[in-house]
2 protein chains.
Amino acid sequence: MARIRLPSLDSARHMMATGCRELPIACHTPGMDHSDGAGSGPSRPVTIYDVAREAGVATSTASRALSNPGRVSERTRAHVEEVARRLGYRPNRIAQALPSGRTRMLGLVVPDIANPHNARLIRGAEAQAAAAGYTLVIADSQEQPELEAAHVERLAPFVDGFVLSSRVDDAGLHGLRDRRPVVLFNRTLPELPSVCVDFDDSGRQVVEHLTSLGHRTVAYLRGPATSWADATRRAALAAHCRRHGVALTLLGPFPPTLEAGAAAADAALATDATAVIAFNDLLAIGVLQRLEHRGVAVPGALSVVGGDDIFGATFCRPPLTTLASPADQAGRTLVDMLNGRIDATEVVLPAPLVARDSTGPRRS
Amino acid sequence: MARIRLPSLDSARHMMATGCRELPIACHTPGMDHSDGAGSGPSRPVTIYDVAREAGVATSTASRALSNPGRVSERTRAHVEEVARRLGYRPNRIAQALPSGRTRMLGLVVPDIANPHNARLIRGAEAQAAAAGYTLVIADSQEQPELEAAHVERLAPFVDGFVLSSRVDDAGLHGLRDRRPVVLFNRTLPELPSVCVDFDDSGRQVVEHLTSLGHRTVAYLRGPATSWADATRRAALAAHCRRHGVALTLLGPFPPTLEAGAAAADAALATDATAVIAFNDLLAIGVLQRLEHRGVAVPGALSVVGGDDIFGATFCRPPLTTLASPADQAGRTLVDMLNGRIDATEVVLPAPLVARDSTGPRRS
DNA sequence: TTGTAGGCGTTATCAT
DNA sequence: ATGATAACGCCTACAA
């Protein structure tokens, strides 16, 4: 009950607590309230019945006055509204949702909430959801398709639709599709609306940037095998490399994390590539760290390109050449598509190259 | 309807779309289904009535069999369960929540979802919530108390309780308190359970670290004026500086962002401090960038200390001396407190100093 | 324009 | 052990 000082607990230890699933939330203001005092402190939430009674109308009239004005006389509407305000009436959203089946909540699942790139997606989506009167529920699948599926499963009963930056396979998505409306980020699937970065054009920009610097052998450091974006990016790079007579080596897949950068860098150094393109900035920055550790000059000995221009890309060493992924706009657009404000099935957003200092003329 | 290529839209332009709030979610599988076909494709979700009818028992029995086994014969339980599985029955969580008022959802509001520090808090909280069978709803208040209040307002009807990393004033929190159970991160308030970093001890560590390097004049770069953590950290630093005969200058408040680092660095350089302590790492890294830009050697001319050891603290230049804030453990503990698994009102977690290269001997 | 009544899917309370 | 029934709070035909 009193002040407690805890030593650092590791996750495993913490989770040891039994999986007891029935732990009632601590109750607030338990019992013992003034029963029917003067006027100020109602312990039970005021319902539409209270409003109707107080206003001297039927519940249906009260309901209409509040949620369907226009089907009720102006006088009644004003009166009911006044009473509702005075009583502090707040509609029970759960009860509202029961008959209609709509909660005005939207689910957004991202593979890694710690990736700043996704933070931008979230910001955009949340802003647009709020503007449309929806509440956004965010979940983190930690790059695990199973966890993503679990989240979707748990959220589905509550939300009106999903925005997914998904690692689940096509079949899984199709299965979900006829439970709830779904829109996809950086993934296409027949019948499902999506917003994708223009991987083809950004691939072109990267390859042209590198060739203009004289590079002729390039390595691509793959992201997760479950990532559609990775497959698409890879294909685009391959096509443009072929067109420009550039030799492309595929390495990986690697987890899209800082830590994986070490292995990725080592793999790249084992090839004769003079430039590497990483799946995303997290991986690219990890590569940078490893290269410095191994004494490899960037861009002197090796040029490095990232993928999404996240927080950190400007202050890592050297600042990272990357692609300005419009995640925030993607978030807004996805939500708009979900609620029908934008009627399109495949939106493609440009991701312009941002040349910083991690790429330079081929030297070797 | 077809493939669309969009130019980059700025946020303002995007938001220009009218604030029309009534945009129905695109319907899926609308109407016209086989009415009572053979066996496989039910369009309407199967209810407990369907299960009961199919199993030849009363709905109450079916309900008990599924959610209250033990109050029903083993034979019945098995049978009902089998039928439910066969029919693909999934309880309607909304309907479950209506009588009980409990949704098994928890709200978590953070001031800045793009701050990696909060990502760790979210991870911890989500893990523990999932383990207890709860779903975590995450929202981003973008350092705006009003937006936080709005989120809480919108979430309150749906969630069983809140974890708040709050910027709202005490009165606001007290008001919320008797609507839903609340636990606080890095903030204390009478009557409200909380988990806080040990600001006093971490302040001591920082001050002792700096004095051991010979520093006698230090500046503290404040965070948001609405941050309890900032006030507490500041007070702790002041106390320990006094004890060690160190002169402390307070600067700010500053927004806890990379961008604000420039102004903060300039302010610090205008003093005679040989070391600066920043509210958090975001600000500290921004300071580092500015100092480099202005040609000030770190730690040669100025030592810099951060606050929470975020992503980026290891690869900024130079790597940042900071405090290892146990945000993930805090997240787990907060959720445990919310659902009563931990019975404490004030938990204090240590944040050990991590000495990297941004601090060094006083030179000037 | 307004009132009456039924239903949304569950769980809990009472009988049986 | 099981069955009937009444809530939960709101919405919406339908009737007046």
Side-chain angles (χ1 to χ4, degrees), chain A residues 21-22 24-25 42-81 83-84 87-105 156-158 160 179, chain B residues 22 24 27 42-81 83-84 87-105 133 156-158 160 179:
Chain A
R21 298 177 61 96
E22 201 47 51
I25 290 278
S43 68
R44 230 191 39 192
V46 11
T47 76
I48 201 164
Y49 293 105
D50 302 323
V51 175
R53 184 167 4 89
E54 180 76 10
V57 298
T59 56
S60 55
T61 304
S63 172
R64 273 186 294 247
L66 296 172
S67 57
N68 218 350
R71 302 183 75 80
V72 86
S73 84
E74 171 56 24
R75 232 176 63 81
T76 313
R77 192 199 55 70
H79 180 218
V80 170
E81 230 165 42
V83 170
L87 262 45
Y89 168 70
R90 337 172 112 305
N92 180 330
R93 313 284 306 222
I94 306 277
Q96 280 181 318
L98 185 49
S100 69
R102 295 184 45 205
T103 58
R104 302 194 75 86
M105 301 181 94
F158 289 110
D160 292 341
R179 285 232 287 150
Chain B
E22 200 49 51
C27 279
S43 70
R44 233 192 35 193
V46 10
T47 75
I48 201 162
Y49 294 108
D50 303 323
V51 175
R53 184 169 2 92
E54 179 76 12
V57 298
T59 56
S60 50
T61 305
S63 173
R64 272 186 296 246
L66 295 171
S67 57
N68 221 348
R71 302 183 75 82
V72 88
S73 84
E74 172 54 23
R75 231 176 64 82
T76 313
R77 192 199 55 72
H79 180 217
V80 170
E81 231 164 42
V83 170
L87 262 45
Y89 167 70
R90 335 174 112 305
N92 180 330
R93 313 283 307 224
I94 305 276
Q96 282 180 317
L98 183 51
S100 69
R102 294 186 44 206
T103 57
R104 301 195 75 86
M105 300 182 96
F158 288 110
D160 292 342
R179 284 234 285 151

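Below, read A as the first sequence line, B as the second, and so on, with proteins coming before strands; counting in each chain starts at 1.
For A:R77, the salt bridge (Lys or Arg N to Asp or Glu O under 4.0 Å) criterion is met by A:E74, A:E81, not counting sequence neighbours.
Between C:dT11 and B:Q96, a contact under 4.0 Å exists linking OP1 or OP2 to a side-chain N or O. Here A:Y89 reaches the OP1 or OP2 of D:dC10: one of its side-chain N or O atoms lies under 4.0 Å away. The phosphate of C:dT2 (OP1 or OP2) has a side-chain N or O of A:T76 nearer than 4.0 angstrom.
Contacts of A:L98 with the nucleic acid, taken as non-hydrogen atoms under 4.0 Å apart, include base atoms. No engagement by A:S100 is indicated, since no non-hydrogen atom pair under 4.0 Å with the nucleic acid exists.
We find that CD1 of B:I94 is positioned 13 Å from C1' of D:dC8, with the value rounded to whole Å. In this structure, B:E74 places its CD atom 13 Å from C1' of D:dA1, rounding to the nearest Å. Between the P atom of D:dG9 and the CZ atom of A:R53 lies a distance of 12 Å, rounded to the nearest Å. With rounding to whole Å, B:R71 atom CZ is found 13 Å from C:dC14 atom P. As a whole-Å value, the separation of A:N68 CG from D:dC10 C1' is 13 Å. One can place CG of B:L66 at 10 Å from P of C:dT10, the figure rounded to the nearest angstrom. Whole-Å rounding puts the B:I48 CD1 to C:dC8 P distance at 14 Å. Between the CG atom of B:N92 and the P atom of C:dC8 there is a distance of 12 Å, given to the nearest Å.
When all heavy atoms of A:V46 and A:L87 are compared, the pair lying nearest together is CG1-O, 3.3 Å. Among all heavy-atom pairs drawn from A:V51 and A:V83, the shortest one is O-CG1, 3.8 Å.
Interatomic distance, A:I94 CD1 to B:R102 CZ, rounded to the nearest 0.5 Å: 12.5 Å. Atom-to-atom distance recorded for A:T61:OG1 and A:H79:NE2 is 12.0 Å, nearest 0.5 angstrom. Note: A:S100 OG to A:D160 CG = 7.5 Å, rounded to the nearest 0.5 Å.
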In dot-bracket notation, what is the pairing pattern of DNA chain D, taking Watson-Crick (N1-N3 plus N6-O4 or O6-N4) and G-U wobble (N1-O2 and O6-N3) contacts under 3.5 Å, with [ ] crossing and | for other strands? ||||||||||||||||
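Residues from residues 55-64 of chain A with heavy atoms under 4.0 angstrom of DNA chain C, sorted by number: A:V57, A:A58, A:S60, A:T61, A:R64.
Side-chain N or O atoms of B:T103 include none that pairs as donor or acceptor with a backbone N or O of B:A97 at under 3.5 Å. Checked by atom type and distance alone, the side chain of B:N68 never pairs as donor or acceptor with a backbone atom of B:R71 at under 3.5 Å.
Of the candidates C:dT11, D:dC11, D:dA1, the closest approach to any side-chain atom of B:S67 belongs to C:dT11.
Considering only heavy atoms from C-beta on, B:M105 stays 4.5 Å or farther from B:R93 through its side chain.
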